[in-house]
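Shown next, in structure tokens, is the structure this report addresses.
One-based numbering along the sequence shown. What you see is a predicted model; the values in this text were computed from it and never measured. The basis for the numbers below is simple: all heavy atoms, side chains too, and nothing from hydrogens, waters or symmetry mates.
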Amino acid sequence: MINNGETDTGCVCFGKSRDGEAGYGEIISLYVLPAYWSTRQGYELMNFALNRLKKQNFDYCHL
């Protein structure tokens, strides 16, 4: 979750793939408020999720 001090401006949801394939994680959702689209928040949220999935030993990721 990203917060600008007053409101949540973006969030990402990720985890084990819902398809059940071994070694696969999944980015389930990624949301950023339109006013923040050009602030790299989506990029930062995606990197956060991918790094966490790697730490959880997922070799691949579904979007």
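- Residues K16 and Q56 form no side-chain contact, since every pair of their non-hydrogen atoms from C-beta on lies 4.5 Å or further apart.
- The distance from atom CD1 of I2 to atom OG1 of T39, rounded to the nearest 0.5 Å, is 7.0 Å.
- Two residues are said to be in side-chain contact when any heavy atoms from C-beta on lie closer than 4.5 Å; D19 and Y24 fail this criterion.
- The structure places OH of Y60 at 13.5 Å from OG of S17, a figure rounded to the nearest 0.5 Å.
- Neither F48 nor I28 shares a network with the other; the hydrophobic side chains, linked directly or stepwise wherever heavy atoms of I, L, V, M, F, W or Y lie under 4.5 Å apart, form separate groups for each.
- Residues Y36 and N4 have side chains that bring a donor and an acceptor to within less than 3.5 angstrom of each other.
- Side-chain contact between M46 and V12 is absent, with no heavy atoms from C-beta onward closer than 4.5 Å.
- Side chains of V32 and T9 form no contact here, defined as non-hydrogen atoms less than 4.5 Å apart.
- Counting heavy atoms from C-beta outward, C61 and I27 have side chains that approach closer than 4.5 Å.
- Scanning both residues, L45 and M1, for their nearest heavy atoms gives CD2-N, 4.4 Å.
- Once rounded to the nearest 0.5 Å, the distance linking CG of L30 with SG of C13 reads 10.0 Å.
- Judged by distance alone, the side chain of E26 and the main-chain N or O of L63 form no donor-acceptor pair under 3.5 Å.
- The hydrophobic cluster containing L33 also contains W37, counting ILVMFWY residues as joined when their side-chain heavy atoms lie under 4.5 angstrom apart, directly or transitively.
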